[in-house]
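Heads up, the thing below is written out as structure tokens.
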Amino acid sequence: MDGDAAYRPQLGERELRVLRLVAEGYSNSEIAAELGWSEHTVKNALYDLMARLGVRNRAHAAAYAVRNGLI
């Protein structure tokens, strides 16, 4: 089992919503508009999410989520 599959964090609905939109290719401003949040809130949510997943960027977060069945 590789390192990614060994660790599957439990994500909240907020994190999953952001992750789904990232995987769909939405920008931070588009995510903010879709969810009714500020761009700052989206940036914070993405930063926290990427830290929890141990990924380097948005593309890595989306790939990780798909590979591990999170979205």
Side-chain angles (χ1 to χ4, degrees):
M1 198 182 311
D2 70 15
D4 281 349
Y7 174 67
R8 286 191 187 180
Q10 294 295 319
L11 301 179
E13 186 56 35
R14 173 186 171 184
E15 294 165 314
L16 290 172
R17 288 169 68 193
V18 171
L19 194 51
R20 284 184 193 110
L21 292 171
V22 166
E24 290 290 326
Y26 282 56
S27 68
N28 286 357
S29 61
E30 291 169 329
I31 293 170
E34 180 75 20
L35 300 178
W37 298 352
S38 72
E39 263 189 85
H40 183 74
T41 300
V42 172
K43 288 177 186 179
N44 284 341
L46 277 170
Y47 179 81
D48 293 343
L49 179 61
M50 289 189 298
R52 287 193 64 201
L53 297 178
V55 298
R56 295 177 296 276
N57 54 47
R58 298 165 68 94
H60 191 191
Y64 177 95
V66 170
R67 239 186 358 258
N68 290 285
L70 297 174
I71 58 171

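- Residues passing the side chain to side chain donor-acceptor pair (under 3.5 Å) test with R58, sequence neighbours excluded: N28.
- In this structure, CG in N68 is found 8.5 Å from CG in L53, a value given to the nearest 0.5 Å.
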Handout entry: Worked verdict on L35 versus L21 for side chain to side chain contact (heavy atoms under 4.5 Å, CB included)
Key = CA-CA 10 Å; L35 300 178; L21 292 171; 3.9 Å; yes
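- Applying the side-chain contact (heavy atoms from CB on, under 4.5 Å) test between L49 and each of L19, V55, V22 identifies L19 as the sole match.
- N57 pairs by the side chain to side chain contact (heavy atoms under 4.5 Å, CB included) definition with A59, H60, not counting sequence neighbours.
- Partners of E34 under the side chain to side chain donor-acceptor pair (under 3.5 Å) rule, at least two apart in sequence or in another chain, do not exist in this structure.
- Residue pairs meeting the salt bridge (charged side-chain N to carboxylate O under 4.0 Å, His left out) criterion with at least one member in residues 14-25, sequence neighbours excluded, are E13-R20, E15-R52.
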Exercise for the section: In sequence, state the C-alpha distance, the side-chain angles, and the governing distance for W37 and V18, and then conclude on side chain to side chain contact (heavy atoms under 4.5 Å, CB included). Expected result: CA-CA 11 Å; W37 298 352; V18 171; 3.5 Å; yes
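- By the side chain to side chain donor-acceptor pair (under 3.5 Å) test, S27 pairs with S29, E30, sequence neighbours left out.
- Taken to the nearest 0.5 Å, the CG atom of L70 stands 7.0 Å off from the CG atom of L16.
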